[in-house]
Amino acid sequence: MMGYWLLKTEPNTFSIEDLKNSPSRTSMWEGVRNYQARNFIREMRVDDEAFIYHSSCKVPGIAGLAKVSRAAYPDPTAVDPDSSYFDLKSDPDNNRWSCVDVTWTETLAGIISLGVLKSDPALADLTLLKHSRLSVMPVADVHWQHIMDVYRL
DNA sequence: GCCAACGTTGGC
DNA sequence: GCCAACGTTGGC
């Protein structure tokens with residue numbers, strides 16, 4: 001069964017285009033420091049699909065699509081003192097945090113804005129709208145299909 | 001830049 | 001284990 005996810009990123013820091021321009025169009029999805037989000041990271045399987053969501057920007061919304069290309073592994077940035085994601089309470093023998101690799105598949109022709117998602121009654125139960133601060137979350141099959149059918153340009 | 005929502009920390 | 005204080009996220 002294919003899993004569907006939504007991954008938030010601030011485009012000023014790392015956008016869908018940055019993912020596209022990464023070597024092999026692939027990047028670590030590192031720096032998640034929230035247990036609920038981390039637990040979802042650990043549930044991800046290779047070839048699961050994800051919306052890449054741009055947050056904290058002029059038009060927040062779904063900007064593109066990616067695939068999980070490597071399942072969860074210990075997040076190296078948690079144990080790197082030079083990383084801004086360094087975690088004092090983690091060390092190489094006990095790393096609290098996990099990351100996956102994701103590979104760019106598509107930049108949408110237009111952002112599917114948060115405003116549009118909010119205004120669609122069919123998406124009232126979308127996790128994004130119920131838990132606005134979660135940075136990694138599952139997307140129900142029915143929501144994924146609806147968004148792809150109705151809003152993907 | 002404000003601030004509501006909410007996750008985390010740490011004293012007790 | 002409670003909860004106040006604090007820090008962060010992210011829309012507006």
Side-chain angles (χ1 to χ4, degrees), chain A residues 3-22 26-44 48-68 71-140 142-144 146-148 150-153:
Chain A
Y4 298 112
W5 307 94
L6 184 145
L7 301 171
K8 285 187 190 172
T9 183
E10 299 189 12
N12 292 339
T13 304
F14 191 82
S15 70
I16 184 74
E17 286 308 293
D18 293 325
L19 179 59
K20 183 181 182 181
N21 294 330
S22 298
T26 297
S27 174
M28 250 192 336
W29 204 263
E30 80 282 18
V32 170
R33 297 293 179 265
N34 167 285
Y35 288 106
Q36 202 179 350
R38 180 204 67 183
N39 293 342
F40 288 134
I41 290 251
R42 290 179 175 177
E43 290 180 24
M44 292 181 182
D48 281 359
E49 296 189 76
F51 290 134
I52 302 299
Y53 178 94
H54 284 176
S55 66
S56 296
C57 56
K58 195 164 184 178
V59 184
I62 297 167
L65 308 175
K67 274 198 169 194
V68 176
Y73 59 100
D75 182 343
T77 66
V79 296
D80 174 4
D82 294 330
S83 170
S84 57
Y85 299 123
F86 179 60
D87 172 28
L88 266 173
K89 295 182 177 175
S90 288
D91 61 65
D93 293 327
N94 183 23
N95 189 336
R96 300 195 293 177
W97 304 111
S98 298
C99 62
V100 289
D101 288 354
V102 298
T103 300
W104 176 92
T105 51
E106 184 175 327
T107 298
L108 297 180
I111 297 265
I112 305 172
S113 73
L114 177 62
V116 160
L117 300 173
K118 275 182 172 175
S119 67
D120 186 338
L123 300 174
D125 293 330
L126 193 66
T127 307
L128 178 73
L129 305 180
K130 299 208 143 186
H131 301 280
S132 61
R133 294 184 52 199
L134 196 56
S135 62
V136 176
M137 67 192 79
V139 177
V142 62
H143 291 151
W144 180 278
H146 181 82
I147 290 167
M148 292 290 268
V150 177
Y151 299 113
R152 181 199 205 179
L153 298 177

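Order of the sequence lines sets the chain letters (A, B, ...), proteins ahead of strands, with each chain counted from 1. Just so it is clear, the values below take in all heavy atoms, side chains as well, and ignore hydrogens, waters and symmetry mates.
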Open item on the list: At 4.0 Å (heavy atoms only), tell me whether A:Lys58 reaches a base, stays on the sugar-phosphate, or touches nothing.
Closed with: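 No contact.
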
Under a 3.5 Å cutoff, is there a donor and acceptor pairing between the side chains of [X] and [Y]?
X	Y	answer
A:Thr77	A:Arg33	yes
A:Asp101	A:Tyr73	yes
A:Ser90	A:Asp87	yes

Open item on the list: Counting primed atoms plus P, OP1 and OP2 as sugar-phosphate and everything else as base, spell out the protein contacts along nucleotides 2-11 of chain B at 4.0 Å heavy-atom distance: B, S or - for each nucleotide, 5' to 3'.
Closed with: ---BBSSSS-

TODO: Give the C-alpha distance, both sets of side-chain angles, the deciding distance and a yes or no for side chain to side chain contact (heavy atoms under 4.5 Å, CB included) between A:Arg152 and A:Leu65.
DONE: CA-CA 10 Å; A:Arg152 181 199 205 179; A:Leu65 308 175; 3.9 Å; yes

Task: A:Leu6 and A:Leu126: CA distance, side-chain angles, deciding distance, side chain to side chain contact (heavy atoms under 4.5 Å, CB included) verdict - done: CA-CA 10 Å; A:Leu6 184 145; A:Leu126 193 66; 5.7 Å; no

